[in-house]
Amino acid sequence: MNGKSFFKSTSFKCLITLLCVLLVSGIFLTIMNSLLAVTDQERFDRAINKIYGRPVKTEAVAVANYNDNATIDEAYKIKDDGNYLIKSTGKGGYENGTVTCWIVVKINNGSIGGIEKVVIDSNKGQSYIDRVGAKALNQFSELYKPDIIFTPDIITGATVMSTKNAICNAVNGALDFVNVLCGNVTTEGEKLLKSIQTLYGEIEIQVYGAGDTLITAESETVTSFVPEPVKQGNATINSVYKVRFTEGEKEVLHYVISSTGTGGYDNGTVTMLTALAIEDGAIKSVYKVAITANKSQSYIGTITHLDQYSGYPYSKGLTFVADKSNNAFMTSGATMSSTAINNAINGGIRYVELNLDTLNTPAEGGEENE
């Protein structure tokens with residue numbers, strides 16, 4: 001077939017027809033894409049409408065992260081009411097997934113006055129997030145109080161603990177961010193006291209660090225009895241403090257250890273606070289324990305057995321074990337997380353056993369231990 005006959009052939013006509021169809025289709029898709037494309041501003045306006053139900057004037061605020069468990073994606077000051085609108089992504093969801101939320105933080109006289117609303121924007125890997133409905137999210141507003149740290153057990157009515165954990169982290173991250181914006185910067189002493197206070201509830205405690213130095217909320221630096229993290233068995237001892245309080249007419253002494261246990265799921269870890277009751281210079285019992293952080297433990301929210309450690313009598317060589325023959329110190333479905341928890345607690349106990357003489361010796365000029 002010569003060139004002239006090819007241009008007259010059916011094949012050439014089909015080719016031209018196909019090219020025309022592709023060209024028209026391309027032009028049509030380009031036009032429709034332009035018509036249907038959602039700009040960042042439109043997405044933002046939709047989010048605003050979902051939260052406020054009306055347009056509001058906003059002013060962008062530079063973002064920064066003050067909480068390791070959350071990332072602040074966007075932040076705005078609402079000119080209409082002076083509140084802050086924060087888009088925050090909380091970590092620690094199911095299988096290390098995340099949940100991104102819009103949080104409206106109310107401002108009252110230059111400080112946080114509450115949470116107006118929490119709306120879920122998106123998520124990564126949270127297949128049951130639809131179980132966290134408006135009733136559960138409204139609890140962030142209902143339960144807010146100054147210095148609150150939201151945890152999955154506080155928010156009720158939704159069974160997906162890991163997903164709730166990520167949502168709580170998103171809200172906590174937003175609160176930390178706005179607190180800094182308002183000039184309410186938390187000192188190291190305040191952070192430490194809040195963390196340890198979780199073990200003692202309403203009991204008024206005094207916390208002492210190295211040199212038997214009384215730690216206050218104003219303390220800019222906090223020095224533990226452990227100068228730097230030290231390995232102890234299957235745990236790393238991060239810090240040790242003394243806690244004193246009065247029980248009736250009796251002066252009580254505890255050692256509180258922050259330790260990170262290995263052996264969790266996917267080589268992850270769990271960090272614990274363990275308070276040991278001391279009597280006559282010796283360990284008497286485990287007073288209480290609390291989880292403060294974890295790495296890669298997607299089922300950490302299912303741990304429900306921590307109260308079983310409270311008041312557990314001490315004997316030399318006391319070791320907690322998570323195994324299926326005796327599940328007193330493990331939770332079904334979270335055996336590896338329970339292992340890391342026990343490793344952290346056991347490491348804390350071993351460290352105090354080995355260092356009792358040093359810990360019991362008051363620093364020069366310090367107070368005598370009871």
Side-chain angles (χ1 to χ4, degrees), residues 149 151-154 192-208 224-226 232-235 237-261 263 270-294 300-332 334-335 337-357 359-360 369-370:
I149 297 175
T151 57
D153 57 310
I154 293 178
L192 172 67
L193 293 175
K194 285 180 182 178
S195 177
I196 292 179
Q197 191 70 56
T198 60
L199 296 169
Y200 293 90
E202 299 299 320
I203 298 175
E204 293 186 11
I205 61 173
Q206 290 183 312
V207 180
Y208 294 81
S224 91
F225 286 89
V226 180
Q232 185 68 60
N234 293 316
I237 308 302
N238 306 308
S239 55
V240 177
Y241 300 97
K242 293 180 180 178
V243 168
R244 294 189 177 98
F245 62 94
T246 302
E247 199 172 62
E249 296 184 356
K250 183 181 178 182
E251 293 295 324
V252 178
L253 170 67
H254 289 176
Y255 293 148
V256 175
I257 308 101
S258 169
S259 53
T260 301
V270 179
T271 299
M272 304 291 298
L273 275 181
T274 303
L276 300 178
I278 306 299
E279 192 171 277
D280 297 326
I283 304 173
K284 178 186 177 183
S285 62
V286 178
Y287 175 74
K288 199 175 282 187
V289 303
I291 298 171
T292 59
N294 75 88
I300 198 75
T302 67
I303 298 294
T304 59
H305 66 279
L306 296 185
D307 59 337
Q308 296 187 53
Y309 297 92
S310 300
Y312 199 90
Y314 168 80
S315 59
K316 189 173 182 180
L318 173 64
T319 301
F320 295 108
V321 179
D323 63 49
K324 294 182 179 179
S325 62
N326 178 7
N327 67 356
F329 297 99
M330 63 171 281
T331 298
S332 177
T335 310
S337 293
S338 297
T339 297
I341 288 170
N342 286 329
N343 284 340
I345 296 170
N346 293 334
I349 293 171
R350 294 289 88 73
Y351 181 86
V352 173
E353 281 179 341
L354 295 170
N355 293 277
L356 263 174
D357 289 343
L359 291 171
N360 287 335
N369 295 323
E370 295 296 324

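Numbers for residues simply follow the sequence, beginning at 1. Keep in mind that this is a model prediction, so the values were computed, not measured.
- When atom types are taken as modelled, the side chain of R350 and the backbone of I345 share no donor-acceptor pair closer than 3.5 angstrom.
- In this structure, CG on L192 lies 7.0 Å from OG on S239, to the nearest 0.5 angstrom.
- You'll find the side chain of E353 stays beyond 4.5 Å of the side chain of L318, heavy atoms only.
- When all heavy atoms of L354 and Q232 are compared, the pair lying nearest together is CD1-NE2, 3.6 Å.
- Counting heavy atoms from C-beta on, the side chains of S338 and H305 come closer than 4.5 Å.
- Of all the heavy atoms in T304 and D307, the pair that sits closest is O-OD1, 3.8 Å.
- Atom OH of Y255 sits about 13.0 Å away from atom OH of Y208, to the nearest 0.5 Å.
- Looking at F320 and V286, their side chains come closer than 4.5 Å, going by heavy atoms from C-beta outward.
- In this structure, the side chain of K242 engages the main chain of L359 through a donor-acceptor pair within 3.5 Å.
- N343 contributes no side-chain N or O that, together with a main-chain N or O of A235, makes up a donor-acceptor pair within less than 3.5 Å.
- A salt bridge links K250 to E279: at least one charged side-chain nitrogen sits closer than 4.0 Å to a carboxylate oxygen.
- Looking at every heavy atom in both residues, I341 comes nearest to Y309 through CG2-OH, 3.8 Å.
- For the pair F225 and I257, the minimum side-chain heavy-atom distance is 4.5 Å or more.
- Annotation: side chain of L273 is not in contact with side chain of V289 (no heavy-atom distance under 4.5 Å).
- In this structure, a donor-acceptor pair under 3.5 Å is present between the side chains of T260 and T271.
- Atoms OG1 and CD, on T246 and Q206 in that order, are 8.0 Å from each other to the nearest 0.5 Å.
- Between atom OH of residue Y287 and atom CG of residue L199 there is a gap of 8.0 Å, rounded to the nearest 0.5 Å.
- I237 and S259 get closest at one heavy-atom pair: CD1-CB, 3.8 Å.
- Taking the side chain as every heavy atom from C-beta outward, Y241 and I196 approach each other to under 4.5 Å.
- With hydrogens and angles ignored, the 3.5 Å screen pairs a side-chain donor or acceptor of T198 with a backbone N or O of S195.
- Rounding to the nearest 0.5 Å gives a distance of 10.0 Å between CD of E251 and CZ of F245.
- Taking 4.5 Å as the limit, some side-chain heavy atom of I349 sits within range of a side-chain heavy atom of L276.
- L306 and A290 get closest at one heavy-atom pair: CD1-CA, 4.5 Å.
- Rounding to the nearest 0.5 angstrom, the gap separating the CD1 atom in I278 from the CG atom in L356 is 6.0 Å.
- Residues A275 and H254 approach most closely at CB-ND1, 4.5 Å, considering heavy atoms.
- For D357, the CG atom counts as loosely surrounded, since its 6.0 Å shell holds 12 or fewer non-hydrogen atoms of other residues, nucleotides or ligands.
- Of the possible polar contacts, one joining the Q197 side chain to the G201 backbone as a donor-acceptor pair under 3.5 Å is found.
- Between I291 and V270, the closest side-chain pair of non-hydrogen atoms falls below 4.5 Å.
- Side-chain atoms of N346 and Y351 include no donor-acceptor pair closer than 3.5 Å.
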